Amino acid sequence: MDNATLMKVGLWLAEKQQQAYVRGKNDCCTLFMEYHDHMHNTKTLKSIYNKYTNKTGAIRTARKFNITGEWLPKHGYKRVGNPRTGDIVIVETGLYPSGYIVCMNTAWTNVDGTKRMQRFALQEPDQPYSIWRHKTHG
C-alpha cells in the first residue's frame, strides 16, 4: 500500500472515531461498506443504511448480503492469510458477521452500546474469521 492510500485509511478512521454506535447507521456492518465507499468512490452503503434498527433486522440484512460468500468478492476483495493496513476482517459471531478495518496493526470497529469506535490489538479471534484485501491494495 502506498503512502497516499495509507493516509487515506488513517484519516478516515480518525474522522470516524468519535461517532457513536447506531445500529443500521454506524455499526460493524455499515462500517466496512462506508469504508469501501470512501476508498473506492462508490455508494454501496445506501443499500443498507438505516434499513434496520434492531438485532433481528441486522441478522436479516447480513444474511441477505452474504458478506463473505458474495458481497466482498463481488466488490473486488480476495481472501488473504495475513492482515495488513487497509484490509477488512470479518469475524463470524454466530448471529451476524462483524467487520473490522485494519490500520497499523490495530483492528477498528463499532461495538454495540459504545459512544465511539473501538480499537483492538490485531490478534487471532476466538471465533471463525476471514481477512479480505481489495485487488487495488495488492
Side-chain angles (χ1 to χ4, degrees):
M1 177 176 285
D2 64 27
N3 286 338
T5 306
L6 177 63
M7 186 172 287
K8 188 174 182 178
V9 172
L11 289 173
W12 182 80
L13 284 168
E15 288 175 12
K16 293 285 296 172
Q17 282 189 20
Q18 298 304 319
Q19 292 182 357
Y21 179 95
V22 178
R23 195 176 303 275
K25 292 182 180 180
N26 194 44
D27 61 24
C28 59
C29 190
T30 62
L31 177 74
F32 79 83
M33 284 191 180
E34 185 177 349
Y35 169 72
H36 173 81
D37 289 350
H38 173 74
M39 296 302 291
H40 305 287
N41 198 27
T42 59
K43 297 188 184 288
T44 62
L45 179 61
K46 70 180 180 180
S47 64
I48 66 166
Y49 188 80
N50 209 22
K51 302 277 186 195
Y52 56 92
T53 57
N54 56 40
K55 192 176 278 191
T56 302
I59 294 167
R60 285 187 188 133
T61 301
R63 288 184 183 152
K64 175 183 171 188
F65 279 88
N66 187 12
I67 294 162
T68 56
E70 189 175 320
W71 196 94
L72 286 163
K74 177 182 172 185
H75 289 87
Y77 292 85
K78 63 182 178 182
R79 195 168 175 171
V80 296
N82 294 313
R84 67 180 193 204
T85 296
D87 289 350
I88 296 172
V89 176
I90 302 293
V91 177
E92 301 295 336
T93 64
L95 296 175
Y96 47 82
S98 292
Y100 296 77
I101 309 302
V102 177
C103 186
M104 306 299 288
N105 294 318
T106 304
W108 295 87
T109 195
N110 293 313
V111 178
D112 192 1
T114 58
K115 293 183 177 14
R116 62 181 300 227
M117 185 178 280
Q118 302 294 296
R119 72 180 197 181
F120 297 89
L122 199 54
Q123 61 187 27
E124 192 168 338
D126 295 336
Q127 294 114 335
Y129 70 98
S130 54
I131 305 162
W132 297 85
R133 183 169 300 141
H134 198 269
K135 62 186 174 189
T136 60
H137 298 157

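The shown structure was predicted, so the numbers you read here are calculated from the model rather than taken from an experiment.
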Checklist line | Residue list, side-chain contact (heavy atoms from CB on, under 4.5 Å) with D2, at least two apart or on another chain | finding: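 Testing D2 for side-chain contact (heavy atoms from CB on, under 4.5 Å), a comparison that skips the adjacent residues, returns A4, T5.
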Checklist line | Which residues share a side-chain contact (heavy atoms from CB on, under 4.5 Å) with M104, sequence neighbours left out | finding: L6, T85
Test item: [X] and [Y] side chains (from C-beta on) under 4.5 Å apart, heavy atoms:
X: W71; Y: F32; result: yes
X: H38; Y: K8; result: yes
X: S98; Y: Q127; result: no

Could you pull out the closest heavy-atom pair between [X] and [Y], with the gap in Å?
X: I131; Y: V89; answer: CG1-CG2, 4.2 Å
X: L31; Y: G99; answer: CD2-O, 3.9 Å
X: N26; Y: A20; answer: ND2-O, 2.9 Å
X: C29; Y: Y52; answer: CB-OH, 3.7 Å
X: A62; Y: P97; answer: CB-CD, 3.6 Å

Rounded distance (nearest 0.5 Å) linking atom [atom1] of [X] with atom [atom2] of [Y]:
X: L72; Y: R79; atom1: CG; atom2: CZ; value: 10.5 Å
X: I88; Y: Y35; atom1: CD1; atom2: OH; value: 6.5 Å
X: T109; Y: M117; atom1: OG1; atom2: CE; value: 7.0 Å
X: K64; Y: S47; atom1: NZ; atom2: OG; value: 7.5 Å
X: Q19; Y: T114; atom1: CD; atom2: OG1; value: 11.5 Å
X: L122; Y: N105; atom1: CG; atom2: CG; value: 6.0 Å

Notebook entry, point to check: So H36 and H40, would you call those rings parallel, tilted or perpendicular, with 30° and 60° as cut-offs?
Noted result: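 Answer is tilted, since the angle falls between 30° and 60°.
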Margin query: My understanding is that only residues two or more places apart in sequence, or in another chain, count here; which of them pass side chain to side chain donor-acceptor pair (under 3.5 Å) with T30?
Written below: D27
Margin query: Holding to side chain to side chain donor-acceptor pair (under 3.5 Å), I want the full list of residues that pass it with S130, two or more places apart in sequence or in another chain.
Written below: W132
Kindly work out whether a path of hydrophobic side-chain contacts (I/L/V/M/F/W/Y, heavy atoms less than 4.5 Å apart) joins [X] to [Y].
X: M39; Y: M7; result: no
X: I90; Y: Y21; result: no
X: V111; Y: V91; result: yes
X: I101; Y: F65; result: yes

Next item on the list: Might you confirm whether atom NZ of K25 has over 12 heavy atoms from other residues, nucleotides or ligands at distances under 6.0 Å?
Entry: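 No, NZ of K25 has 12 or fewer neighbouring heavy atoms, counting only those of other groups under 6.0 Å.
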Margin query: Does D126, at its CG atom, have more than 12 non-hydrogen atoms belonging to other residues, nucleotides or ligands within less than 6.0 Å?
Written below: no
Got a sec, which pairs hit salt bridge (charged side-chain N to carboxylate O under 4.0 Å, His left out) with one end in [range], sequence neighbours left out?
range: residues 110-121; answer: R23-D112
range: residues 95-106; answer: none
range: residues 33-53; answer: K16-E34
range: residues 85-99; answer: D87-R133

Next item on the list: Sequence neighbours left out, what pairs pass ring-ring contact (aromatic ring centres under 6.0 Å, His included) with at least one residue falling in residues 79-127?
Entry: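 Qualifying pairs: Y100-F120.
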